[in-house]
Amino acid sequence: SGKWAKAMDILREFEDRCGTPIAKLRQVADAMTVEMHAGLASDGGSKLKMLISYVDNLPTGDETGIFYALDLGGTNFRVLRVKLGGADNVKKEFTEVSIPSHLMTGTCEDLFDFIAGELAKFVATEGEDMHITAGTQRELGFTFSFPVKQSSIAGGTLVRWTKGFNIEDAVGQDVVDELTKAMERIGLDMRVSALVNDTVGTLAGGRYSNTNVIAAVILGTGTNAAYVERANAIPKWQGLLPKSGEMVINMEWGNFRSSHLPLTEFDENLDNASLNPGEQIFEKIISGMYLGEIVRRVLLKMAKEAEFFGETVPLKLETQFVLRTPDMSAMHHDSTPDLKVVATKLKDILEISNTSLKMRRVIVEVCETVATRGARLSAAGILGILKKIGRDTIKEGEEPQKSVIAMDGGLFEHYTKFRKAMQTAMDELLGEEASNNILIELSNDGSGLGAALLAASHSQYR
Ligand code: ADP
Ligand code: MG
């Protein structure tokens with residue numbers, strides 16, 4: 001019928017606009033490299049903030065002692081206690097708490113009081129073998145996965161919120177001061193020794209077990225990347241050159257944008273309706289917070305303009321963010337012959353029943369299009385980093401050098417088809433030889449360990 005043809009038109013047009021042929025990915029990678037240079041040249045020189053992390057030494061494996069880490073960045077936050085015994089000998093204990101949503105848009109004090117309270121509860125569970133030396137202060141590595149302008153390894157002000165957080169009175173505040181004050185309010189004696197972005201923590205955690213780690217990428221609720229830069233390639237750096245000659249840069253790549261990005265009307269509408277319009281455009285087409293929402297918006301248009309789900313538009317389909325990325329992923333991976341999982345998800349989440357197999361196939365195709373675009377653009381971003389540091393090709397006559405990208409985040413970890421599409425794009429972009437020497441490795445919760453390691457190397461007792 002005409003309606004089905006209309007739905008197919010919407011689908012095909014969407015697919016066309018989401019196209020990521022290799023030539024386009026190369027343009028995106030080149031644009032990423034250009035923006036990296038610009039962001040390193042001056043503050044405000046680019047959409048890419050290219051934040052200086054003050055991490056100029058990555059873990060060596062010699063770190064020892066008991067340290068805490070706190071990871072705040074998404075819907076959950078984790079508290080970790082590690083006992084570092086040197087040479088890969090680590091004992092970890094952790095707890096994970098979800099952040100009540102009212103605290104994500106409330107006041108700075110309420111958020112930090114909650115965090116300090118949970119931290120204190122965890123400290124109270126310290127066992128015999130995890131007691132710190134009498135007379136010394138507990139030390140913490142604070143992983144804070146939002147853009148922060150650091151002033152030192154253990155201090156920095158919040159530039160802005162992302163990923164559904166919006167606490168106005170916290171912007172411009174030093175987050176270490178805020179945490180320290182909250183700990184003081186409840187009498188928890190602990191020193192924040194390192195403030196790190198989760199990408200920087202993941203890089204540090206990855207380097208601890210593999211010296212070839214040169215960058216870290218997060219693909220979770222949001223997305224971001226960090227990498228090791230030559231200190232003399234950072235024109236905006238005014239301080240002394242570090243002894244190591246290196247500096248870890250937190251790119252804040254989620255805010256990347258370029259005319260080469262394949263954006264659609266759905267992305268534009270999603271952005272306009274978001275808490276941070278005009279910002280985090282790369283993040284909004286790649287990361288876990290948004291992929292399911294893009295799918296919903298495409299289906300909504302098909303429902304409205306082509307009566308895809310019948311004469312009335314399903315009410316639930318009008319609700320922002322009802323379709324979460326894990327549910328999209330489950331539909332996309334449905335391997336039952338009659339797409340039972342898709343049918344169940346449609347019924348449970350969108351209250352849509354009586355779909356035909358043909359319709360369910362279309363829905364899987366929308367998921368495929370959205371996930372593939374995100375995965376391939378992530379690969380292009382990584383190529384941009386490799387180019388910037390000259391690791392994208394094998395140098396003639398030189399022993400091939402391995403480069404490892406430490407990867408973390410629930411999207412990469414759980415969304416198999418996303419991960420595979422990303423690897424395929426990497427292989428296509430790099431070619432076989434270079435591709436054999438560039439490895440993407442899942443570093444499961446490497447950022448917590450990394451933050452603890454950085455607290456150790458910046459301990460007041462060192
Ligand atoms: P965060 O990024 O909040 O620190 P995670 O790294 O654990 O936390 O990532 C969580 C995100 O990963 C979720 O918001 C979701 O978008 C995505 N995710 C989790 N599970 C799945 C899944 N099964 N399939 C696809 N995406 C998933
Ligand atoms: Mg995280």
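Small disclaimer: the values here were computed from a predicted structure and weren't measured. Order of appearance sets the numbers: ligands from 1, and atoms from 1 within every ligand.
Considering backbone and side-chain N/O atoms, Leu411 comes within less than 3.5 Å of an N/O atom of ligand 1.
Remark: ligand 1 atoms within the under-4.0 Å shell around heavy atoms of Gly409 are 6 (O). If you number the atoms of ligand 1 from 1 as listed, the ones under 4.0 Å from a heavy atom of Gly288 come out as 16 (O).
A salt bridge links Asp43 and Lys149; the closest N-O separation between the charged side-chain nitrogens and carboxylate oxygens is under 4.0 Å.
In this structure, atom 6 (O) of ligand 1 lies nearest to the protein heavy atom Gly410 N, 2.9 Å. Closest to atom 23 (N) of ligand 1 among all protein heavy atoms lies His414 CB, 3.3 Å.
When the options Arg297, Lys301, Arg17 are evaluated for a salt bridge (charged side-chain N to carboxylate O under 4.0 Å, His left out) with Glu265, the one that passes is Lys301.
Side-chain contact annotation: Asn250 with Glu252, donor-acceptor N/O pair under 3.5 Å present.
Residue-level proximity to ligand 1 for Ser329 is carried by the side chain, the only part with a heavy atom below 4.0 angstrom.
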Donor-acceptor contacts under 3.5 Å from residues 101-108 side chains, at least two apart:
unit_1: Thr107; atom_1: OG1; unit_2: Asp110; atom_2: N; d: 3.2
unit_1: Thr107; atom_1: OG1; unit_2: Asp110; atom_2: OD2; d: 3.2

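Taking the six-membered ring where the residue is Trp, the centroids of Phe144 and Phe146 are separated by under 6.0 Å.
A cation-pi contact, defined as under 6.0 Å to the ring centre and within 45° of the axis, is absent between Arg296 and Phe321.
Around atom 1 (P) of ligand 1, the closest heavy atom drawn from Asp71, Thr221, Thr416 belongs to Thr221.
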